[in-house]
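Just so we're clear, the structure is a prediction, and the values are computed from it rather than from any experiment.
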Amino acid sequence: MRQDVNEVDLVRDSGMEESSEFYEAYERNDPPPWVDGHQCVEDNNNNVECLRRKIKYYFMNPCEKYHARGRKPWKLILQIVKIAIITVQLISFGLSNQMVVTFKEENLMTFRHLFLKDYDGSIETYAVYRQTDVYDHIGYVMDQYGHLQNITVGNHAYKKDGSFYTPLSLCQEFYRNGTIFPGNETFEINAEVDTDCLEVFPMSNSSSQEVLQHLDLHFKRMVSVKITFVIKAINLQTVRHRELPDCYDFTVMVTFNNQAHSGRIKVDLDNDVSINECKDWKVTGAYSRNIFLTVLFDCLIVVMCITSFTLCTRSVINGIQLQFEYTLYCREYGGKEVPWSDKLEFLNGWYILIIVSDTLTIVGSILKIEIQTKAVTSYDICSIFLGMGTMFVWIGVIRYMGYFRKYNILILTLRAAFPNVIRFICCAGIIYLSYCFCGWVVLGPYHEKFRTLNTASECLFSLINGDDMFPTFKNMGQKSSLVFVFSRIYLYTFVSLFIYMVLSLFITIITDTYDTIKQQQQSGVPTTELQKFMSECKDLPNSGVYRLDNTNSCFLDRCITRFRKHRERLTSET
């Protein structure tokens, strides 16, 4: 068969007259039926072999493709270099982000010790119980704010609005009208909330005692008291790491929460952080070109990711085109439809993963460049993009481990077990959610781990893994005997169901899939129609039939060569 086909090729390439069908196809700019460039049409055995060879070449690893065509595995080299430089970029940004987060957390702890009277970090809930204590704590906050620059050991200062310092705002929220008589079990209340505020400017001669004389707290109707002020600071520790410092605006909020009206007013201090570019700065003793080199390094990563994105997208498109070609062959000449499992084989999931990784890394690198140049200060958003991009890049390394037979079993097991695992999780998740809702409603008022739906889900997930099992049982309060008995039944049934049954079934699914894949690898028998189709191609990668300059090649270059020869012959004849 091969000899007959070569004779036909020699006749066609020698300049002899072709059929009228070729001329008509050439005038329409369509490849003739016998040209095996983009498509292999089932008109002779050579074209079927061509299709098998193209599919087999598509599923080869980079080393086999190198032996088949002699091309350097540039895509593989690009991925290896990209992993190295992206990891360096992530470590560099991670150290910078860590300094930013540490600066925020330490300032929050500083403000709590500065503005909360007798604050002790070991106290879980900071609260006051007497009216005089409320006035004393409010006055303490005002005094500490007025003498901030004399008591703080940090580089804190007041915020200025023009030539004036921004004031401290003291706002009281209370119900509009209300008469409450607990002794008579009677009350009349207007649920609408009014707000009454006053402002205190720092560096003024008025003391907190004078201000409190004009403050009348309606304790029976009071919902909350909020003290708000702004403090500025500069994070100088970044200078040691060759980065320009950022200027911070801390909006500090001290809240006296009396919504429960239980005689216990909870006091909490929190802050909102705004990071800005410093207006005027001068740094000496540091390399000014370091920032330029960092930005240049990030630009290099963007270029490499764009190149990787382009190459992987091209490979995905080629796989889709080859899948259409194989589907057309099976439909028209095999008389059957290709199953989705075989169609998805042409869609390389690793390329999709690399494309997503490149997209995330490009966005994260652009944000990092803007942060370095102080255009934006979105550290958290940038860290999410860079972190996920690097994670997907490293996961993509498993693709190259899969080329080794002993390591490939992990990938095959995960891929084969994935559909069954998803179906199993959907069923088990319904039972899990039912326990979450039940535990939150019944045990929430008596157990801190079930106080919210989120914490209830976290507690139950920890129980599945065997964590905090004894504290979960022990911390259940016995204020209600009925709820206490219910909690024991609830927890014992959940542990028995999910640890001894659900988790065991989940492991069984993975184990059975692993055994099946292992037996298939040992037998070496093709299990799918696509594998059986490719197995009939016995051409080895180093046989030379895959090279583009070979006369037996069925790739695009052969088509281009034939069209070029035919055009030259037509030109010479005219």
Do the non-hydrogen side-chain atoms of [X] and [Y] ever get within less than 4.5 Å of each other?
X: Ile151; Y: Gln144; result: yes
X: Phe450; Y: Val442; result: no
X: Asn271; Y: Lys104; result: no

Do the ring planes of Tyr165 and Tyr158 sit parallel (below 30°), tilted (30 to 60°) or perpendicular (above 60°)? perpendicular

By salt bridge (charged side-chain N to carboxylate O under 4.0 Å, His left out) - contacts of [X] (at least two apart):
X: Lys232; value: Asp249
X: Asp194; value: Arg176
X: Lys82; value: Asp358
X: Asp272; value: none

Please name the pair of heavy atoms, one in [X] and one in [Y], separated by the smallest distance, quoted to 0.1 Å.
X: Ser357; Y: Gly389; result: OG-O, 2.8 Å
X: Arg451; Y: Gly444; result: NE-O, 2.8 Å
X: His156; Y: Thr110; result: CE1-CG2, 4.3 Å
X: Ile355; Y: Cys312; result: CG1-CB, 3.8 Å
X: Leu386; Y: Ser365; result: CD2-N, 3.7 Å
X: Gln237; Y: Asn235; result: CG-OD1, 2.8 Å

Sequence neighbours excluded, the answer for side-chain hydrogen bond (donor to acceptor under 3.5 Å, both in side chains) partners of Ser457 is Tyr432

Side-chain atoms of residues 462-471: list all donor-acceptor pairs with protein atoms under 3.5 Å, sequence neighbours left out, distances to 0.1 Å.
{"residue": "Ser462", "atom": "OG", "partner": "Glu458", "partner atom": "O", "Å": "2.9"}
{"residue": "Asn465", "atom": "ND2", "partner": "Phe461", "partner atom": "O", "Å": "2.8"}

Apply ring pair (Phe, Tyr, Trp, His ring centres under 6.0 Å) to [X] and list each qualifying residue two or more places apart in sequence or on a separate chain.
X: Tyr248; result: Phe103, Phe250
X: His261; result: none
X: Tyr379; result: none
X: His147; result: none

Return yes when atom [atom1] of [X] has more than 12 non-hydrogen atoms of other residues, nucleotides or ligands closer than 6.0 Å, and no otherwise.
X: Phe219; atom1: CZ; answer: yes
X: Lys266; atom1: NZ; answer: no
X: Phe385; atom1: CZ; answer: no
X: Asp161; atom1: CG; answer: no
X: Lys220; atom1: NZ; answer: no

(message) Hydrogens and angles aside, do Ser308 and Gln79 bring a side-chain donor and acceptor to less than 3.5 Å of each other?
(response) yes

Straight-line distance of [X] [atom1] to [Y] [atom2], nearest 0.5 Å:
X: Leu170; Y: Gln172; atom1: CG; atom2: CD; answer: 8.0 Å
X: Phe93; Y: Gln98; atom1: CZ; atom2: CD; answer: 12.0 Å
X: Cys382; Y: Asn97; atom1: SG; atom2: CG; answer: 8.0 Å
X: Ile138; Y: Leu217; atom1: CD1; atom2: CG; answer: 5.0 Å

Strictly distance-based, threshold 3.5 Å: is any side-chain N or O of Arg488 a donor or acceptor partner for the main-chain N or O of Phe473? yes

> Just by modelled atom types, is the Asn257 backbone N or O under 3.5 Å from a matching donor or acceptor in the Thr255 side chain?
Replying inline: no

Answer with yes or no after comparing the ring centroid distance for Tyr446 and Phe486 against a 6.0 Å cut-off, counting only values under it.
no

Val421 meets the side-chain contact (heavy atoms from CB on, under 4.5 Å) criterion, sequence neighbours left out, with Ala417, Ile425, Phe506, Ile509, Ile510

Name each donor-acceptor pair under 3.5 Å that joins a side chain in residues 492-505 to protein atoms two or more places apart or in another chain, with its distance.
{"residue": "Thr493", "atom": "OG1", "partner": "Tyr435", "partner atom": "OH", "Å": "3.3"}
{"residue": "Thr493", "atom": "OG1", "partner": "Ile489", "partner atom": "O", "Å": "2.8"}
{"residue": "Thr493", "atom": "OG1", "partner": "Tyr490", "partner atom": "O", "Å": "2.9"}
{"residue": "Ser496", "atom": "OG", "partner": "Tyr492", "partner atom": "O", "Å": "2.8"}
{"residue": "Ser504", "atom": "OG", "partner": "Tyr500", "partner atom": "O", "Å": "3.1"}

